[in-house]
Structure formats: C-alpha cells, structure tokens
2 protein chains.
Amino acid sequence: MKLSQGVEWGVHCCLVLGQATAPVPAARLAVYHGVSQTYLAKHLQALARAGLVRSTQGQVGGYELTREPGAITVLDVVSAIEGDAPAFRCTEIRQRGPLGTPPERCLRPCAIARAMAAAEHAWREALRAVTIADLTEDVQEDTDGAAMPRLRAWLAA
Amino acid sequence: MKLSQGVEWGVHCCLVLGQATAPVPAARLAVYHGVSQTYLAKHLQALARAGLVRSTQGQVGGYELTREPGAITVLDVVSAIEGDAPAFRCTEIRQRGPLGTPPERCLRPCAIARAMAAAEHAWREALRAVTIADLTEDVQEDTDGAAMPRLRAWLAA
DNA sequence: GCCACCTTACTCGGATAAGGACTGTCCGAGTCGCTAAGG
DNA sequence: CCTTAGCGACTCGGACAGTCCTTATCCGAGTAAGGTGGC
C-alpha cells in the first residue's frame, strides 16, 4: 500500500495557495517546490476537478483556492488526488470455492471487509480533522514564524 | 492508494488455518477459496517469513498457525503481506526550491508527514484491535453458526 | 484624448510514452511416509 | 516378528514472464492584458 507522490505535492501547493492573494501559475508552484513543472500540472488538474482550486487562464492567470484554508481538509486533498475508491476491495471470496456461501445469504458485507472499512474510516477521520490552516500554523511554529512571511514575500516578487 | 489482493487472501487463509488441527497444503487452501494455487503460495510464503504460519514439508505437510487465532491480529497479516513501509513517504519538499529550509533546521518531521503518520497510526490501531478469532466469531454470526462446522468437516475429509 | 481592434504572450487542459510494481506461473530442492527386504 | 534401508510421492521455496497503474512529458486550445491605429 502506498500513496501517490501527488498527495504530498498537492498538500504543499494548498499551503502555498493559502498564502497567496492572486492566482499562482503552476510553473511558479513547481519552481517553488523544486519539482517537475509538467507533472505537477497534472495533479493540479485533479485538484481543480475536485473543486478545491479554481484555475484562471491568461497572462495573470493561475490557481487559487476556492475556499479558505480552514475549510479545506487534508482528506479533501487526498481524495482529490487518489480518488474515493477504498483501499481494500472485497472480491467476495466467501462466495467462491466448494463451500461458497450463496449470494442470497450474503446480506451484510464480509466480516473482513467490515474490519478493513472500519480501519479506513478511522484513517479518513484523522485526515478530515486536519485542515490546511492547521498545517500552516504547524509550519509557522516549526520555523519560528519565519516561513509564511518569506513565502508571501516570494509570491509578491 | 490500494491494498494488494494478497491481503484478502491472507486473512481468509488465517481464518481457515485457525480451524485446522493438522497442516493444510497451499493447494488445498487455494481450492477452498477458489483462487490461483501458485499465486496463493507466493503470499503464504510472505506469511511464513513474517512468522505467522509455519510450513511443514513432506506428504502430510502444509501450513499451520504458529499462534492461537486470538493472538494474531489483522494488522499482523497486513504487515506481512504489504510490508511495514508507511503509505505516505515524505520527500522533504520543504528542503527544496529557492526557499528551502536548511536540513539543520528540520529537526522535527514535516508537519504534513506528522498528520499523515497520525492517520496511519489510527488505521493500524484499528487493524490491531481485530484478531483472527474476532473475525471467526463474526463469520459464525453471519452464517448462523453454519460456516465453521462445515469448514472443519471439509478439512477433515 | 478616447475607443475599438488586433497582436502577443501567457495560461491551462487533455492526449501521449516510459518505468516500476502487482499479478500470475513455472520448475527444482527438500522432506516425510510407505514399502520391502534382511536379520 | 522387528529393524532398517531405499523408494516414491508430496510439499514448499525461490526464480521467471505478463499486465496494469504510477510517473513523466509534450503540444494544442483558450484567454486576458497590452499596444496600436483610427475616430
């Protein structure tokens, strides 16, 4: 089990966009993070499709958040990049083989699937509890309040 | 993010082995579940490497649990199949780019990595709370107590 | 001086290749039980 | 009748291809700003 690289990039981009006062082009976000410009663009498209960011074309275009940072959770970003499909997919093994349970007896999901779904629910809730604003504050504390002012100055330049 | 197919197979195999009183060959487990024999063998090797099951060769050989079902958690099986690597891998984006934070300033893990790690911890704890014995009981209830006796009879035949 | 048009440059968006991991398969090494011969 | 050596069959274990998804990239469509010419 592994998460896509794009998740990390997407969250970082949301942190940056939360500090911006004007649309930021994808290329500028890529330079700031030191990653591939074209590939980051692909992930930003996913964020746009999910409605987390809005894209503007033209000379002063770019990406900007559609909601305030406190209203965007990490789960929103992860779901936008990774999709909503559950990590564990029950293939109904219990219905197969010589002692397979008939489908009409399988009213509830498989016990294994239930346990897996409960664990994924806990994972999602933990991600839902953290917003972009929370992360921004954490980064501020980690850097003694230096990161965000520097970032805003770099965005303005 | 998706889990390997082998996780589902591995848990099901542990459920069966928990009911067995003698080693069960991999081929028999595959027939019972209606899955590929050779591919299931590959995943059983992973369970053996993790010390969850013991393999015996020879004519009456096969696999058997090393611990009682109540002492094996779903997390044990998932870790055996998927490995212990965390799903989210921080690539230290904060250290890159024109405003990268110097490594000597990065004492704590990245705030994003901390949030992701907390969520994964919640996921792991939820899986650790469920044992093979718990799942066996759940399946019993789902089938009105019919599944395990039938399984034991099939194993004896 | 003001307005409309055009050019230009910049932006995003989807369609297109390469690499790696999961999936699926095979055959060889090792081990145990059974059989048969000898004492 | 008991012991022991050999044989045979069954088991696991690691090494080998195929396929899907993630990664990475490119070029075309669209848009807004700025400049220029006309009124």
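Quick caveat: nothing in here was measured; it's all calculated off a predicted structure. Convention: sequence-line order gives letters A, B, ...; per-chain numbering from 1.
Put simply, the side chain of A:E120 gets close to the backbone of A:A87: a donor and an acceptor are under 3.5 Å apart. Side-chain atoms of B:D134 come within 3.5 Å of backbone N or O of B:T131 as a donor-acceptor pair.
Checking A:M1 against A:Q57, the closest nucleotide of DNA chain C that is more toward the 5' end is the one next to A:Q57. Nearest-nucleotide positions on DNA chain D for A:K2 and A:Q59 put A:K2 closer to the 5' end. If A:S55 and B:G6 are placed on DNA chain C by their nearest nucleotide, the residue sitting closer to the 5' end is A:S55. With DNA chain D read from its 5' end, the first of the two nearest nucleotides for B:G62 and B:R89 is the one closest to B:G62.
Bracketed by its first and final contacts, the part of DNA chain D lying under 4.0 Å from non-hydrogen atoms of chain B reaches from D:dC10 to D:dA15 in 5' to 3' order.
With salt bridges taken as basic N to acidic carboxylate O contacts below 4.0 Å, none links A:E92 and A:R96. At a threshold of 4.0 Å, the pair B:R67-B:D76 counts as salt-bridged, since one of the basic side-chain nitrogens sits closer than that to a carboxylate oxygen. Taking 4.0 Å as the cut-off between side-chain N and carboxylate O, B:R114 and A:D142 count as a salt-bridged pair.
Residue B:A26 is classed as a sugar-phosphate contact, given heavy-atom separations below 4.0 Å to backbone atoms only.
When the nucleotides C:dG13, C:dA29, C:dT23 are ranked by their closest atom to the side chain of B:Q5, C:dT23 comes out on top.
A heavy atom closer than 4.0 Å to some atom of DNA chain C occurs in B:S36, B:T38, B:Y39, B:K42, these being the qualifying members of residues 31-51 of chain B.
Considering only heavy atoms from C-beta on, B:L15 comes within 4.5 Å of B:I132 through its side chain.
A cation-pi arrangement is absent between A:R128 and A:W123, since the terminal nitrogen or guanidinium carbon is not both under 6.0 Å from the aromatic centre and inside a 45° cone about the axis.
One distance of note links CG of A:L29 with SG of A:C13; it measures 4.5 Å at 0.5 Å rounding.
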